[in-house]
K.L.:
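Below: one structure in structure tokens.
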There are 2 protein chains.
Amino acid sequence: MEHKTASPAESVEGEKEIRTAGLDARVGRIVRQTLADQVYADLKEILLAGRAAPGERFTLRGLASAIGTSAMPVREAVSRLVAENALEVLPNRAVRVPLMPRARFEELRLIRCSLEGLATVAAVRAASAGEVAEVEHFERLFAAEREKAEPDGAVAMRHNKDLHFALYRAAHLPTLFQMIEALWLQIGPVLNLDFRAGPDRVRQGEAHIRHAAIVAALRIRDPEAARTALVADIWSAGDFILSRGILPD
Amino acid sequence: MEHKTASPAESVEGEKEIRTAGLDARVGRIVRQTLADQVYADLKEILLAGRAAPGERFTLRGLASAIGTSAMPVREAVSRLVAENALEVLPNRAVRVPLMPRARFEELRLIRCSLEGLATVAAVRAASAGEVAEVEHFERLFAAEREKAEPDGAVAMRHNKDLHFALYRAAHLPTLFQMIEALWLQIGPVLNLDFRAGPDRVRQGEAHIRHAAIVAALRIRDPEAARTALVADIWSAGDFILSRGILPD
DNA sequence: GTCTGCTATGTGTGATCACAGATAACAGAT
DNA sequence: ATCTGTTATCTGTGATCACACATAGCAGAC
């Protein structure tokens with residue numbers, strides 16, 4: 001192999017925080033971003049976007065050399081994701097995206113309804129006008145993609161994610177948001193199998209109806225209507241995946 | 001310092017798995033337990049038992065030498081707990097138990113009601129006779145401790161935890177259980193401030209009433225009654241802590 | 001006394017090395 | 001051809017070293 005390009009010994013590690021007496025508060029807080037944080041964010045993005053299939057394996061060193069760092073930051077990022085059930089390391093010393101048996105999928109769906117329902121109720125109550133507009137924006141994007149002659153599943157999936165996350169962010173409950181994100185990390189790999197299923201998946205789905213109902217309820221500040229629509233959205237998407245019979249066990 | 005006792009270089013690392021042709025399946029699966037796993041479990045236990053106060057700081061090397069390993073396993077364990085919000089590493093390079101502002105505490109209480117309520121409903125539906133008995137067992141232990149002349153807060157707290165966890169385990173939803181455990185890791189440090197508040201805390205609290213109601217509902221398989229009692233338990237315990245006005249912000 | 005600048009120590013982070021064990025490829029025997 | 005024992009390679013895990021930076025302690029100037 002003899003891979004030696006781009007020596008990892010650069011040690012960018014952290015920005016210098018500049019503090020000059022006099023404009024103390026003027027300078028924006030520079031948040032420390034470790035390499036492990038970056039790798040963590042990258043892996044999260046891959047999982048959320050459904051660019052990793054359940055059961056897919058990889059190695060620490062492989063990832064490390066692909067990113068251009070040593071194995072160390074990858075180790076830390078992976079161990080965080082393992083703690084969140086987004087990855088798993090088998091007793092055989094092998095890292096992989098966890099499988100998704102039906103039972104686990106149904107459990108996750110149940111938890112999602114509970115937690116995302118809670119976030120939706122809170123968001124309807126707490127969302128600012130700007131945040132409502134943001135949700136509406138993504139709802140339009142999703143609907144527009146659906147009405148295209150040849151809708152792109154991956155694009156629709158991204159708009160779907162943005163819509164949901166904009167809603168949950170508007171709840172202003174950071175811990176709840178993080179837990180929901182952890183849930184999406186787990187279902188991400190199978191969402192892959194959903195929206196990319198066929199070109200008609202987006203068209204024939206009822207997601208756009210639920211989304212419209214959510215936005216409508218958000219606009220008139222009706223928490224329970226929003227929750228009902230959201231749960232229907234989650235449930236029907238789950239039904240579609242379950243009905244395809246591709247989940248093991 | 002020159003700390004050199006108990007050289008960490010022993011590398012116990014993993015048990016040998018013995019496979020003899022013929023009694024293949026007879027031998028129990030030996031689950032791999034890395035050092036990092038052990039440290040992780042230890043830290044979890046400390047947090048769950050409320051033996052760490054919010055804001056308390058520590059160092060990787062300090063913990064490592066206390067346990068007798070290198071810093072490496074501690075690093076991994078800590079990074080997992082950081083991912084779960086059970087610990088945090090400040091931009092100043094300092095690891096500590098996160099603070100608990102009122103807003104975060106109230107958010108956690110809300111999430112707990114949702115998730116633990118869900119687990120309770122599932123448990124009432126799915127619990128075996130043995131699991132019901134186990135819950136009843138811990139309920140009796142808690143009640144007994146309360147009726148003592150001088151109840152021990154720490155002991156009562158442990159029985160309280162065992163009661164709740166026995167209930168949630170009976171739901172047979174492993175992911176949900178793990179998420180609830182992650183929640184308790186976060187509230188553990190302040191539960192410390194609760195049950196250890198005064199000798200009368202256990203006596204004057206209404207926890208035993210709620211617990212009895214939960215067990216009764218479990219016995220007659222009434223999910224909603226159980227959930228209502230559980231939510232009341234969580235909420236009133238939270239009210240007590242909030243009323244003491246010791247949480248910052 | 002109060003403040004400023006410097007130094008020393010200790011921290012988390014990243015890289016590198018060492019090791020046990022798992023996997024796969026292959027040789028030989030049946 | 002199928003199985004078995006062996007070897008070679010690669011994996012995650014743990015230990016150790018190196019480094020940038022934060023903090024605390026102290027000395028010096030006003």
Side-chain angles (χ1 to χ4, degrees), chain A residues 1-4 6-22 29-40 57-83 87-96, chain B residues 1-4 6-22 29-40 57-83 87-96:
Chain A
M1 181 71 68
E2 199 57 36
H3 171 280
K4 210 55 178 178
S7 150
E10 294 169 31
S11 260
V12 203
E13 194 179 325
E15 321 286 289
K16 173 85 173 188
E17 180 178 351
I18 301 141
R19 290 287 297 269
T20 310
R29 270 281 161 288
I30 296 179
V31 287
R32 183 180 170 72
Q33 262 278 72
T34 67
L35 278 183
D37 289 333
Q38 294 180 37
V39 177
Y40 179 66
R57 301 159 95 118
F58 61 93
T59 71
L60 298 184
R61 289 174 175 86
L63 256 180
S65 77
I67 304 181
T69 69
S70 83
M72 204 57 235
V74 179
R75 266 171 84 171
E76 190 164 323
V78 167
S79 74
R80 289 188 206 173
L81 290 168
V82 168
L87 293 178
E88 68 181 354
V89 33
L90 306 177
N92 330 333
R93 304 170 185 267
V95 184
R96 73 168 182 189
Chain B
M1 181 71 69
E2 201 59 33
H3 170 280
K4 209 57 177 178
S7 148
E10 293 168 32
S11 258
V12 202
E13 193 182 326
E15 321 286 290
K16 174 87 175 188
E17 179 178 351
I18 301 141
R19 291 284 300 268
T20 311
R29 270 281 162 284
I30 296 181
V31 285
R32 182 180 170 71
Q33 263 279 67
T34 68
L35 280 182
D37 289 334
Q38 295 180 36
V39 177
Y40 179 67
R57 301 157 95 116
F58 62 93
T59 70
L60 298 183
R61 290 174 177 85
L63 255 181
S65 78
I67 303 180
T69 70
S70 83
M72 203 58 235
V74 180
R75 266 170 84 170
E76 191 164 324
V78 166
S79 75
R80 288 188 208 174
L81 290 167
V82 168
L87 292 178
E88 68 181 353
V89 32
L90 305 177
N92 330 333
R93 301 171 186 270
V95 183
R96 74 169 181 190

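In what follows, chains carry the letters A, B, and so on, assigned in the order in which the sequence lines appear, proteins first and then strands, with residues in each chain numbered from 1.
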K.L.:
Looking at R75(A) and L60(A), what are the two nearest heavy atoms and their distance?
P.N.:
CG-CD1, 3.4 Å
K.L.:
Which nucleotide in the set dG14(C), dA20(D), dA20(C) lies at the smallest distance from any side-chain heavy atom of L35(A)?
P.N.:
dG14(C)
K.L.:
Measure the distance from CZ on R93(B) to C1' on dT9(C) and round it to the nearest whole Å.
P.N.:
14 Å
K.L.:
Provide the closest heavy-atom pair for L90(B) versus R96(B) in the form atom of the first, atom of the second, distance.
P.N.:
CD2-NE, 3.7 Å
K.L.:
Quick one: L90(A) CG to dT23(C) C1', roughly how many Å, whole number?
P.N.:
13 Å
K.L.:
R80(A): what forms a salt bridge (charged side-chain N to carboxylate O under 4.0 Å, His left out) with it, not counting sequence neighbours?
P.N.:
D37(A), E76(A)
K.L.:
With DNA chain C as reference, determine whether R61(A) or D37(A) sits nearer its 5' end, using the nearest nucleotide of each.
P.N.:
D37(A)
K.L.:
If you look at every heavy atom in S79(B) and S79(A), which pair is closest and at what distance?
P.N.:
OG-OG, 3.0 Å
K.L.:
If every non-hydrogen atom of A64(A) is compared with every non-hydrogen atom of V74(A), which pair is closest and at what distance?
P.N.:
CA-CG2, 3.8 Å
K.L.:
Given dG14(C), dG14(D), dG12(D), which nucleotide is nearest the side-chain atoms of T34(A)?
P.N.:
dG14(C)
K.L.:
Can you measure from CD1 (I67(B)) to CD (Q38(B)) and round to the nearest 0.5 angstrom?
P.N.:
9.0 Å
K.L.:
I need the CD-P distance between Q33(B) and dT13(D), as an integer number of Å.
P.N.:
12 Å
K.L.:
For residues V78(A) and F58(A), determine if any side-chain heavy atom of one lies less than 4.5 Å from a side-chain heavy atom of the other.
P.N.:
yes
K.L.:
Please list, in numerical order, the residues of residues 71-80 of chain A that have a heavy atom closer than 4.0 Å to any atom of DNA chain C.
P.N.:
M72(A), P73(A)
K.L.:
Please report the distance, rounded to the nearest Å, between OH in Y40(A) and P in dT13(C).
P.N.:
15 Å
K.L.:
On DNA chain D, nearest-nucleotide positions of A94(A) versus R57(B): which is more 5'?
P.N.:
A94(A)
K.L.:
Could you state the CG-P distance from L60(A) to dT16(C), rounded to the nearest angstrom?
P.N.:
16 Å
K.L.:
Could you give the CD1-to-P distance, from I67(A) to dA15(C), as a whole number of Å?
P.N.:
11 Å
K.L.:
Could you please name the option among dT11(C), dT16(C), dA18(C) that lies closest to any side-chain atom of S70(A)?
P.N.:
dT16(C)
